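Below is one structure, written out as structure tokens, with a few remarks after it.
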Amino acid sequence: MTLEQLARQGRRTASMTTAATITSKTSQIRKESIKQAFCDFDSVRYRYEYVDTVDGVNYYDDSGASSNEAAWFSFDNLRQDVIWITYSDNVDADDLMPQVRKYVKAIVCIGKNAEKFHYLFDDVVGGKIYKCSNITEAVKLSHSLAKDCNNVMFTPSVKVRDNFSSYSERGDYFKQCVQSLK
């Protein structure tokens with residue numbers, strides 16, 4: 001595996017790769033076995049997971065990101081313009097200001113209270129902050145906002161209290177909504 005291949009995996013995966021390499025070295029596992037394992041490594045479901053491309057727009061499910069720190073790394077891994085679908089329950093979203101400034105072109109908030117996002121990010125995203133009542137609406141709205149080669153990432157960045165029993169159920173529903181765009 002080259003350094004370039006390792007870098008393409010993103011910081012989170014690269015950190016895990018580094019830790020596994022150190023551990024395996026202490027166990028004297030063959031280098032070729034380690035290289036093969038890293039090349040075969042798939043992304044973790046519900047964490048910065050590529051879902052599909054619809055009409056030139058890439059969709060990512062990051063429903064497992066239940067903190068600002070997790071969302072921060074997802075934006076950093078993507079390193080491209082993104083429409084961010086999140087929940088308006090995140091009252092500490094100001095931690096994400098550097099990432100929003102770099103990558104986010106519009107914010108779609110699910111929930112009733114998007115005022116905090118307007119207060120924090122209105123100037124940064126040129127007022128492109130939208131409010132929706134559910135994931136279905138958010139995906140449809142994001143699709144209408146997205147242009148060719150844009151990305152839409154569903155990253156709650158907060159522990160969500162909604163009708164889903166888990167982040168995986170929420171992520172699966174997001175994926176269904178993306179598939180319904182076709």
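Everything numeric here is computed off the predicted structure, so don't read it as measured data. Both backbone and side-chain heavy atoms feed into the values below; hydrogens, waters and symmetry mates do not.
- Within the 3.5 Å criterion, the main-chain N or O of Y167 finds a donor-acceptor partner in the side chain of S63.
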**OP:** List the steps, then state whether side chain to side chain contact (heavy atoms under 4.5 Å, CB included) holds for V108 with T86.
**Re:** CA-CA 6 Å; V108 177; T86 189; over 6 Å; no
Review item, side-chain donor-acceptor pairs of residues 109-132, under 3.5 Å, at least two apart:
{"unit_1": "K116", "atom_1": "NZ", "unit_2": "V91", "atom_2": "O", "d": "3.3"}
{"unit_1": "H118", "atom_1": "ND1", "unit_2": "D122", "atom_2": "OD1", "d": "3.3"}

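- Taking the ring centroids of Y60 and F154, they lie at or beyond the 6.0 Å cut-off.
- Under the 3.5 Å distance criterion, the side-chain polar atoms of D62 are matched with a main-chain donor or acceptor of Y48.
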Original post:
What's the verdict on side chain to side chain contact (heavy atoms under 4.5 Å, CB included) for D172 and F164, showing C-alpha distance, side-chain angles and the deciding distance?
Top reply: CA-CA 10 Å; D172 289 339; F164 297 101; over 6 Å; no
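- For the salt bridge (Lys or Arg N to Asp or Glu O under 4.0 Å) test, no residue two or more places apart in sequence or in another chain qualifies with D95.
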**OP:** Could you walk me through whether H143 and V152 pass the side chain to side chain contact (heavy atoms under 4.5 Å, CB included) test, one step at a time?
**Re:** CA-CA 8 Å; H143 187 70; V152 173; over 6 Å; no
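- Looking at N68, its side chain never comes within 3.5 Å of a backbone N or O of L96 through a donor-acceptor pair.
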Original post:
Yes or no on salt bridge (Lys or Arg N to Asp or Glu O under 4.0 Å) for D52 and K175, after CA distance, side-chain angles and deciding distance?
Top reply: CA-CA 8 Å; D52 205 347; K175 292 171 191 174; over 6 Å; no
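- Residues satisfying the side chain to side chain contact (heavy atoms under 4.5 Å, CB included) criterion with N134, sequence neighbours excluded, are T136, E137.
- Counting only N and O atoms by type, the side chains of S166 and S168 include a donor and acceptor under 3.5 Å apart.
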